[in-house]
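All values derive from a computational prediction rather than experimental measurement.
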Amino acid sequence: VQLQASGGGLVQAGGSLRLSCEASGFTTDYYAVGWFRQAPGKEREGVSVISSSGESTYYSDSVKGRFLVSRDNLKKTAYLEMSNLKPEDTAIYYCAANPYNPKFITGFHTASFLFWGQGTLVTVSS
């Protein structure tokens, strides 16, 4: 089971980036996928989660209205579209998979995410 996050980079404040999370070694159709981030000197925090069907999503208050999570199960890939980026969005972004397949996403429930990718760095300059 492997997850690979990509798409990070350096962007100016107000700009956009799209992160991808590609899975290999397992069928993602029954896994929720979450995006998390960790800024320097801070604890990891949840950003967004999408259910296996894609019908249920959840966002942290800090990104709600600016980020959009989606997935393409045929491609075994989840995406995080980030717009109106702010310097405080600077962090390493990780994707993770939750095999418990919740139908409705009501929170991050981080302990349920058993498989983690290596992360991709997003840097937002002011």
Side-chain angles (χ1 to χ4, degrees):
V1 175
Q2 289 189 330
L3 295 168
Q4 181 63 53
S6 62
L10 174 63
V11 63
Q12 288 188 332
S16 301
L17 280 176
R18 186 177 81 159
L19 305 184
S20 299
C21 174
E22 186 173 1
S24 61
F26 66 106
T27 300
T28 58
D29 293 23
Y30 304 107
Y31 289 69
V33 174
W35 288 95
F36 299 82
R37 67 186 182 186
Q38 188 165 20
K42 294 187 176 181
E43 294 187 353
R44 183 178 61 194
E45 63 175 352
V47 177
S48 183
V49 182
I50 185 167
S51 65
S52 58
S53 68
E55 294 180 351
S56 181
T57 58
Y58 187 86
Y59 298 91
S60 68
D61 288 342
S62 61
V63 307
K64 198 173 296 182
R66 300 187 297 121
F67 290 12
L68 179 67
V69 65
S70 62
R71 65 189 294 160
D72 184 337
N73 286 343
L74 291 178
K75 295 182 178 179
K76 295 187 177 183
T77 303
Y79 304 95
L80 185 68
E81 300 267 4
M82 307 185 295
S83 60
N84 192 20
L85 284 161
K86 304 175 181 181
E88 51 263 43
D89 293 319
T90 295
I92 298 175
Y93 284 71
Y94 301 89
C95 60
N98 175 352
Y100 299 107
N101 196 22
K103 186 174 182 179
F104 300 106
I105 307 300
T106 58
F108 291 109
H109 308 295
T110 306
S112 298
F113 288 86
L114 305 185
F115 308 108
W116 291 78
Q118 289 189 332
T120 184
L121 176 63
V122 172
T123 304
V124 184
S125 63
S126 56

Heavy-atom closest pair, residues Ser60 and Gly46
CB-O, 3.5 Å

Minimal heavy-atom distance between Ala13 and Ser126, with the atoms involved, is CB-CA, 4.3 Å

Can you name the closest pair of heavy atoms from Lys42 and Gln38 and give their distance?
O-NE2, 3.1 Å

Minimum-distance pair of heavy atoms, taken over all atoms of Cys21 and Leu3:
SG-CD2, 4.0 Å

Taking Ser48 for its side chain and Tyr58 for its backbone only, find out whether a donor-acceptor pair lies under 3.5 Å.
yes

Would you say the side-chain atoms of Ser56 pair up with the backbone N or O of Phe104, donor to acceptor, closer than 3.5 Å?
no

side-chain contact (heavy atoms from CB on, under 4.5 Å) for Arg71 and Thr77? Distances and angles first, verdict last.
CA-CA 6 Å; Arg71 65 189 294 160; Thr77 303; over 6 Å; no

Assess whether salt bridge (Lys or Arg N to Asp or Glu O under 4.0 Å) is satisfied between Lys64 and Asp61, documenting all intermediate values.
CA-CA 5 Å; Lys64 198 173 296 182; Asp61 288 342; 3.2 Å; yes

Separation between CZ of Phe108 and CD of Glu45, rounded to the nearest 0.5 Å
8.0 Å

For the atom pair CG (Leu19) and OG1 (Thr120), what is the distance rounded to the nearest 0.5 Å?
6.0 Å

When you check the side-chain N and O atoms of Ser52 and Asp29, is any donor under 3.5 Å from an acceptor?
no

Look at the side chain of Arg66 and the backbone N and O of Glu81, then say whether any donor-acceptor pair between them is shorter than 3.5 Å.
no

Please determine whether the number of non-hydrogen atoms from other residues, nucleotides or ligands lying under 6.0 Å from atom CD of Gln2 exceeds 12.
no

Pairwise distance CG(Asn101) to OG(Ser51) - rounded to 0.5 angstrom:
8.0 Å

Short side-chain to backbone donor-acceptor contact, Thr90 and Glu88, under 3.5 Å:
no

Should Phe36 and Phe113 be marked as a ring-ring contact (aromatic ring centres under 6.0 Å, His included) after you check the CA-CA gap, both sets of side-chain angles, and the distance that decides it?
CA-CA 11 Å; Phe36 299 82; Phe113 288 86; 5.1 Å; yes

Would you check, one step at a time, whether the test ring-ring contact (aromatic ring centres under 6.0 Å, His included) holds for Phe67 with Trp35?
CA-CA 11 Å; Phe67 290 12; Trp35 288 95; 9.8 Å; no

Roughly how far, to the nearest 0.5 Å, is the CD1 atom of Ile105 from the OG1 atom of Thr57?
8.5 Å

side-chain contact (heavy atoms from CB on, under 4.5 Å) for Leu17 and Leu85? Distances and angles first, verdict last.
CA-CA 8 Å; Leu17 280 176; Leu85 284 161; 4.2 Å; yes

Verify, without hydrogens or angle tests, whether Tyr59 (side chain) and Val69 (backbone) share a donor-acceptor contact under 3.5 angstrom.
yes

Verify the distance criterion only: is there a donor paired with an acceptor across the side chains of Tyr93 and Arg37 at less than 3.5 Å?
yes

What pair of heavy atoms forms the shortest contact from Leu114 to Pro99, and how long is it?
CD1-CG, 3.5 Å

How long is the straight-line distance from CG of Asn98 back to NE2 of His109, given to the nearest 0.5 Å?
9.0 Å

Nearest 0.5 Å please: distance from the CG atom of Asp72 over to the CD atom of Glu22.
10.5 Å

